[in-house]
There are 2 protein chains.
Amino acid sequence: MGYGCVMAVDPDHVLRSAATLLTRKSTATMDEVARAAGISRATLHRHFAGRDALVRALEALGIAECEAALDAARLDEGPVGDAVRRLVAEIEPQAGLLAFLYTENQLFEGEEQNAGWARIDERIADLFRRGQETGEFRIDLTPAWLTEALYGLLASAAWAVAEGRVAPREFTYMIVELLLGGARRPTDTPTA
Amino acid sequence: MGYGCVMAVDPDHVLRSAATLLTRKSTATMDEVARAAGISRATLHRHFAGRDALVRALEALGIAECEAALDAARLDEGPVGDAVRRLVAEIEPQAGLLAFLYTENQLFEGEEQNAGWARIDERIADLFRRGQETGEFRIDLTPAWLTEALYGLLASAAWAVAEGRVAPREFTYMIVELLLGGARRPTDTPTA
DNA sequence: CTTGAGTGAGACAGGGATGTCTCACATGGG
DNA sequence: CCCATGTGAGACATCCCTGTCTCACTCAAG
């Protein structure tokens, strides 16, 4: 029974479904991934040789989306603060996928990671470096740390939104304001 | 051969070893955990009924350490900014374990989480709330978000240090400065 | 109508981790 | 000296996921 639609499966749709599911449950089975995409495990295996291949495809998707966001944000134009805001806004839809890939990368020690991440890291770090050179950003927080912190805040925000602790519409605002302005009131002068 | 020392195993030492290992490789096997603690898998099983029990014990340890850090930081005393600095400094040694437990909790959707985390969340959120009431902190970033952001920054920093992207001695400084002051120069006025 | 491509369902073997068990052995106390 | 406790090593069954396969079936094209 139920030999349903036989139309060719859209690999991109499968990837999107997998990203959505793995964002929620990063240990999901191949069978669960297939069900979530509305296809059978056999068909999933026909399109992705194995779980590794699926994750690597997901990683490639995440990298591509990130680079698209970087392009769309026009990081070279205008004040760095505004560029950061544009970047976070562009990258917001991918935050869940990024959080998954970010933690997934922590799982393997020493393993060589995809070169795409290095490129993305570099572009974001360059943005913060530009902010320091223009005098807009402080120089005691390294670009590498600011980049890392951005990833951490994106992941935290994605989880907080998923669990209902933060309103979805405040996602970008919360991240950007904290990253740029910090928790202190702008009129306050540091006590230390 | 090698029927080594038969002295009773110290469960706390086992937990510490497990925390150190799982911080690096969160998918470590029970056998690897046992080896890391210098005991056999059989003995590990005698002290912790299973992997679940081990993780739950690790969670209890993390909660206890966190609450100890919260107590030691004397969050009610003095300026909130200083209290945050003390808190991060106290919690720094546990950042790796916290990062492991933090991501581990994201693995299970909907599952009831340990009540200890809710208590800790509450105490930290109260700290930020106090900062808002004293006028030291801005009110547009919710205490819940600041709490979540602190977790994210702790995890990011722990990983960045583990991978050599950030110097260990700058751990507390980087987190506190970003969380409190943001990336902008204190003298700058926002462009927007 | 016929045929081929693509799919779903299920069976099957293999690997890896888990949990349990037994047994040999070392240590400390009586 | 002897025994109880606790450990290490290994065997063992079990479970779950994976990867591959076969077969029946549907749809679209010719």
Side-chain angles (χ1 to χ4, degrees), chain A residues 1-60 100-101 103-104 106-111, chain B residues 1-60 100-101 103-104 106-111:
Chain A
M1 55 169 157
Y3 287 86
C5 180
V6 191
M7 286 184 52
V9 167
D10 177 17
D12 191 67
H13 166 252
V14 175
L15 274 183
R16 302 286 174 180
S17 304
T20 302
L21 174 59
L22 290 173
T23 288
R24 269 188 321 161
K25 188 183 176 191
S26 59
T27 58
T29 306
M30 288 293 275
D31 193 75
E32 293 174 296
V33 172
R35 302 278 171 186
I39 62 176
S40 71
R41 196 165 65 94
T43 302
L44 177 59
H45 250 91
R46 287 186 187 104
H47 289 275
F48 301 96
R51 190 190 177 77
D52 283 357
L54 177 66
V55 172
R56 269 184 284 117
L58 231 36
E59 193 174 31
F100 164 69
L101 295 172
T103 56
E104 193 78 2
Q106 310 297 337
L107 249 58
F108 313 100
E109 57 172 334
E111 222 149 300
Chain B
M1 55 170 154
Y3 287 87
C5 179
V6 192
M7 285 183 52
V9 167
D10 177 16
D12 191 66
H13 166 252
V14 176
L15 274 183
R16 302 285 174 181
S17 305
T20 302
L21 174 60
L22 290 173
T23 289
R24 268 189 322 159
K25 188 184 176 192
S26 59
T27 58
T29 304
M30 288 294 276
D31 193 76
E32 294 175 297
V33 172
R35 302 277 171 186
I39 62 176
S40 72
R41 195 166 65 95
T43 303
L44 178 59
H45 248 92
R46 287 186 187 103
H47 289 275
F48 301 98
R51 190 189 177 77
D52 282 357
L54 177 65
V55 173
R56 269 185 285 117
L58 231 35
E59 192 174 31
F100 164 70
L101 295 171
T103 57
E104 193 78 2
Q106 310 298 336
L107 250 59
F108 314 100
E109 57 172 335
E111 223 150 298

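Each chain gets a letter, A, B and so on, in the order its sequence line appears, and its residues count up from 1. Any value given below was found using the heavy atoms of this structure, including those in side chains, with hydrogens, waters and symmetry copies removed.
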Whole-Å distance, B:I39 CD1 to D:dA9 C1', equals 14 Å
Counting side-chain heavy atoms from CB outward, which of C:dA17, D:dT18, D:dT7 is closest to A:T29? D:dT18
Answer with yes or no whether B:R41 presents, from its side chain, a donor or acceptor under 3.5 Å of a partner atom in the base of C:dG19. yes
Measure from CZ on A:F48 to P on D:dC17 and round the result to the nearest Å. 21 Å
Proximity to the side chain of A:A42 - top-ranked nucleotide from C:dA9, C:dG19, D:dA9: C:dA9
Looking at the side chain of A:H47, which of C:dT18, C:dT7, D:dG8 is the nearest nucleotide? C:dT7
Quick one: A:D52 CG to D:dG19 P, roughly how many Å, whole number? 7 Å
Whole-Å gap separating P (D:dA11) and CG (B:D31): 14 Å
Hey, does the side chain of B:T43 come within less than 4.0 Å of D:dG8's phosphate (OP1/OP2), counting only N and O? yes
Nearest whole angstrom, please: distance from the P of D:dT18 to the CG of A:L54. 10 Å
Inspect the contact between B:D52 and B:R56 and indicate whether a charged nitrogen and a carboxylate oxygen are less than 4.0 angstrom apart. no
With a 4.5 Å cut-off on side-chain heavy atoms, are A:V14 and A:T43 touching? no
Within this structure, what is the CD-to-P distance between A:E32 and D:dC17, rounded to whole angstrom? 7 Å
Nearest-0.5 Å distance, CD of residue B:E32 to CZ of residue B:R24: 9.5 Å
The nucleotide from C:dC21, C:dT7, C:dG19 with an atom nearest the side chain of B:R51 is C:dG19
Could you tell me the separation between the CG atom of A:D10 and the P atom of C:dT7, rounded to a whole number of Å? 11 Å
Nearest whole Å is fine: how far is D:dT18 C1' from A:H45 NE2? 6 Å
Sub-3.5 Å donor-acceptor pair from the side chain of B:S26 to the main-chain atoms of B:L22, do we have one? no
How about A:T20 and A:S17: does a side-chain donor come under 3.5 Å of a side-chain acceptor? no
Side-chain-base donor-acceptor pair under 3.5 Å for A:R46 and C:dG8: yes
